[in-house]
Amino acid sequence: MAVCPKGHESETTDYCDECGAAMNPPSSPSPAVDSPRRPAVCPECGTPLTGRFCEVDGYDTLAVPPTAPPREEAAPREEAASREEAAPAEVPEAEVPEAAPREEAAGWHVVVSADRAHFDRVQAWNGADPTIAYPRFCPDRRFPLTGDQVLIGRRSRSRGSYPDIDLAGPPEDVAVSHLHALLVSQPGGTWAVVDLRSANCTFVNGADDPIEPEQPVPLADGDHIHVGSFTRITLHATPLP
């Protein structure tokens, strides 16, 4: 049985079944040619890095905040971290602003596609990385929205993450966190999106600023969400006949 860098026994040889750490990391980090400032481990979870994105939470080591006007009363990073620990796991439905539905619908679904414009924008913000490429072939994928909550992320057996909208691919968008965002049903048959403090944020309708973590944002038919380095998720309502 293999032993991970943290001393746990694991039946798998790629990532530890217990802690999710990469197995058999290099004895010493290789110097990064394209970015000498890239950390050897993920600053979010401590997992050894083998490329630009963390294999556990999708953290982008070259990410920089997008250019945007400063917000008033911005909380320091230390305060944000303390709020993350104290924040409830579920978003109270009473705090979710209700969006007026455009029309009564028989059902909702999302279409997942690759968005070249978003990929180029992320590359402009963080700098080009030769290890990250726009997918040459990415067929649209359709997921129905059912129940009260629909999880967006990447599946991970070792972490017990099995999202309803699984972006593990192919093609896989490694900049998506395993637990990235949540779609929450609203009164009147609409939906809202909540960012689950993902490493690389969630954007709605092409906005320059990401949405605030754990703050529901109402959505309507035709609205779209950007996550990761190239993934676009578009909501569609099916009208009643």
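Keep in mind that the numbers below use all heavy atoms, side chains included, and drop hydrogens, waters and symmetry copies.
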Listed partners of [X] passing side-chain contact (heavy atoms from CB on, under 4.5 Å), at least two apart:
X: Ala181; result: Ile152, Val193, Thr202
X: Asp120; result: Arg116
X: Pro135; result: Ala114, Cys138, Pro171, Phe230
X: Asp140; result: Val111, Ser113

Partners of [X] by side-chain hydrogen bond (donor to acceptor under 3.5 Å, both in side chains), sequence neighbours excluded?
X: Arg155; answer: Asp166
X: Arg136; answer: none
X: Thr234; answer: Arg232
X: Asp164; answer: none

Can a donor-acceptor pair be found, under 3.5 Å and without considering hydrogens, that links the side chain of [X] to the backbone of [Y]?
X: Gln149; Y: Gly147; result: no
X: Trp108; Y: Gly189; result: yes
X: Arg141; Y: Ile165; result: no
X: His118; Y: Gly228; result: yes

Handout entry: Asp208 and Arg121 ion-paired at < 4.0 Å
Key =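 So Asp208 pairs with Arg121 through a salt bridge.
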Where is the tightest heavy-atom contact between [X] and [Y], given as atom of each residue plus distance?
X: Val194; Y: Gln215; answer: CG1-N, 4.1 Å
X: Trp191; Y: Leu145; answer: CZ2-CB, 3.5 Å
X: His236; Y: Asp221; answer: CA-OD1, 3.3 Å

Practice task
Could you tell me whether the side chain of Ile132 reaches within less than 4.5 Å of the side chain of Phe119, counting heavy atoms only?
Solution key: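 SC-SC contact between Phe119 and Ile132 confirmed.
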Practice task
Taking the side chain as every heavy atom from C-beta outward, state whether Asn205 and His224 have any pair of such atoms under 4.5 Å apart.
Solution key: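 SC-SC contact between Asn205 and His224 confirmed.
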Exercise for the section: Sort and list the pairs that fulfil ring-ring contact (aromatic ring centres under 6.0 Å, His included) and have at least one residue in residues 136-172, not counting sequence neighbours. Expected result: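 Output for this query is empty, none listed.
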